[in-house]
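Order of listing sets the numbers, starting from 1, for every ligand and every atom in it. Here, residue 1 is the first one in the sequence, and each next residue gets the next number.
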Amino acid sequence: MAYDRNNVFAKILRGEIPCKKVHEDEWALAFHDINPLAPVHVLVVPKGEYVSMADFTANASPEEIAGLFKAVGKVAEQLGVVETGYRVLANAGPDANQEVPHLHVHLFAGRPLGPMLKKAGS
Ligand code: AMP
């Protein structure tokens, strides 16, 4: 899938629409999800134009890849959830209901998060 520069996270990265920023560095921006599904729900996005994890791992530089994952770790530290626990998740494609076509890692925390996935049919 070609990258669409009009997606909402591209606009946030360009400063065209606001976000509640948690962390920013050379490689990544982290901000609170506008529709949180847990007491802590933060999105960590790479600054480069990548649609998905497959696009990112195939086409990003090692520095960009390390930068995104280090940012996820820093955000967990900064939010104080390393001891209590947290979940990271990246949706890709239709079966995962990816809504925004710019790679993003969700970080959920702040309550017991339950089973990893709902079983089919439940
Ligand atoms: P996904 O389904 O993995 O693509 O998740 C997209 C996420 O982006 C959802 O959890 C939305 O609530 C979130 N989202 C959409 N627009 C914004 C925005 N302007 N600021 C912060 N989060 C957003």
Side-chain angles (χ1 to χ4, degrees):
M1 186 202 278
Y3 186 82
D4 171 11
R5 298 196 78 238
N6 286 319
N7 78 73
V8 66
F9 297 163
K11 290 180 181 173
I12 288 174
L13 284 164
R14 290 196 297 269
E16 293 168 9
I17 59 174
C19 71
K20 281 175 65 185
K21 190 188 294 186
V22 172
H23 169 84
E24 183 170 16
D25 59 39
E26 183 180 357
W27 306 110
L29 175 68
F31 51 91
H32 290 280
D33 196 291
I34 204 166
N35 184 21
L37 299 175
V40 174
H41 185 174
V42 168
L43 301 170
V44 189
V45 308
K47 289 202 167 170
E49 297 182 346
Y50 301 101
V51 176
S52 65
M53 191 65 78
D55 182 19
F56 187 61
T57 52
N59 299 309
S61 68
E63 291 79 10
E64 287 175 290
I65 294 170
L68 177 68
F69 286 98
K70 282 177 179 284
V72 173
K74 278 184 197 158
V75 167
E77 286 278 0
Q78 187 181 318
L79 294 169
V81 300
V82 171
E83 295 303 322
T84 45
Y86 60 98
R87 179 172 293 158
V88 295
L89 177 155
N91 291 317
D95 277 358
N97 291 334
Q98 181 180 4
E99 289 171 10
V100 180
H102 179 112
L103 172 62
H104 48 284
V105 175
H106 296 257
L107 189 156
F108 302 103
R111 64 165 168 80
L113 294 167
M116 190 160 57
L117 281 181
K118 270 189 183 175
K119 287 193 176 164
S122 65

Which pair of heavy atoms, one from P46 and one from L103, lies closest together, and at what distance? CD-O, 3.1 Å
If you measure from each non-hydrogen atom of D33 to ligand 1, which part falls under 4.0 Å: side chain, backbone, both or neither? both
Distance under 4.0 Å to a non-hydrogen atom of E99: what atoms of ligand 1 satisfy this? 1 (P), 2 (O), 4 (O)
Any side-chain to backbone donor/acceptor pair from R5 onto E49? Under 3.5 Å, distance only. no
Distance filter under 4.0 Å to Q98 heavy atoms, resulting ligand 1 atoms: 4 (O)
Within ligand 1, which atoms have a heavy atom of H104 less than 4.0 Å away? 1 (P), 3 (O), 4 (O), 5 (O), 6 (C)
If you compare all heavy atoms of L68 against all heavy atoms of W27, which two are closest, and at what distance to 0.1 Å? N-CB, 4.4 Å
Where H102 and N7 come nearest, the two heavy atoms and their spacing: CB-OD1, 3.4 Å
For H32, take its heavy atoms, then give the atoms of ligand 1 lying under 4.0 Å from any of them. 21 (C)
In the protein, which heavy atom is nearest to atom 8 (O) of ligand 1, and how far is it? F9 CZ, 3.3 Å
Proximal ligand 1 atoms for N35, defined as those under 4.0 Å from one of its heavy atoms: 12 (O)
For ligand 1, indicate whether the residue L37 contacts it via side chain, backbone, both or neither (heavy-atom separation under 4.0 Å). neither
N-O pairing of K47 and E64 below 4.0 Å: no
For ligand 1, is K20 a contact, meaning one of its heavy atoms is under 4.0 Å away? no
Going by the closest heavy atom to atom 14 (N) of ligand 1, which one wins out of N97, I34, V45? I34
Mutual orientation of the aromatic rings belonging to H41 and H106 [parallel < 30°, tilted 30-60°, perpendicular > 60°]: tilted
Ring-plane angle category for F56 and F69, please: parallel below 30°, perpendicular beyond 60°, tilted otherwise. tilted
Between A30 and V42 the two heavy atoms that sit nearest each other are CB-CG1, 4.0 Å
Judged by atom type as modelled, is there a donor-acceptor pair below 3.5 Å linking the side chain of Q98 to the main-chain atoms of V100? yes
Within the 4.0 Å heavy-atom shell around V100, which atoms of ligand 1 are there? 4 (O), 6 (C)
Out of all atoms in ligand 1, which are within 4.0 Å of some heavy atom of N91? Include the element for each. 1 (P), 2 (O), 3 (O)
Side-chain heavy atoms under 4.5 angstrom apart, residues restricted to Ile, Leu, Val, Met, Phe, Trp, Tyr: same cluster for Y3 and Y50? no
Closest approach of any protein heavy atom to atom 19 (N) of ligand 1, naming residue and atom: V8 CG2, 3.7 Å
Taking only non-hydrogen atoms of H106, do any sit less than 4.0 angstrom from ligand 1? yes
Report, in ascending order of atom number, the atoms of ligand 1 lying under 4.0 Å from any heavy atom of F31. 21 (C)
